[in-house]
Amino acid sequence: MEVESYVGIYKSKKGIKIKENDEVFSGIVMAIDGYGEAKIKGTIKNEEKTASTKENPIKSLAPKEDKIEIIKSLKSTFDQIKGRFKRNED
């Protein structure tokens, strides 16, 4: 497509539900992987919330040699990511 920039805006007074097989979810995953930025704004219990792949990155450094050591070193990072999802489910 040779697109240099893309902006997608979705609005709903009832709330937007994103499923794993949605195009929106795929775009968010690509942003997390470093192919851009995703920002979500919304209201939960009358409090405005914002989540952004740019403002809240989770980074980790891993050794380049042993695959087992790489997995061990990334475990805490995966736990952080998992914790974010758990907080969002509450």
- prompt: What are the two closest non-hydrogen atoms of Lys11 and Ile9, and how far apart are they?
  reply: CE-CG2, 3.9 Å
message: Give me the atom names and distance for the closest heavy-atom approach of Ile16 to Tyr10.
response: CD1-O, 3.4 Å
message: Can you tell me how far apart NZ (Lys41) and CD (Glu48) are? Round to the nearest 0.5 Å.
response: 6.5 Å
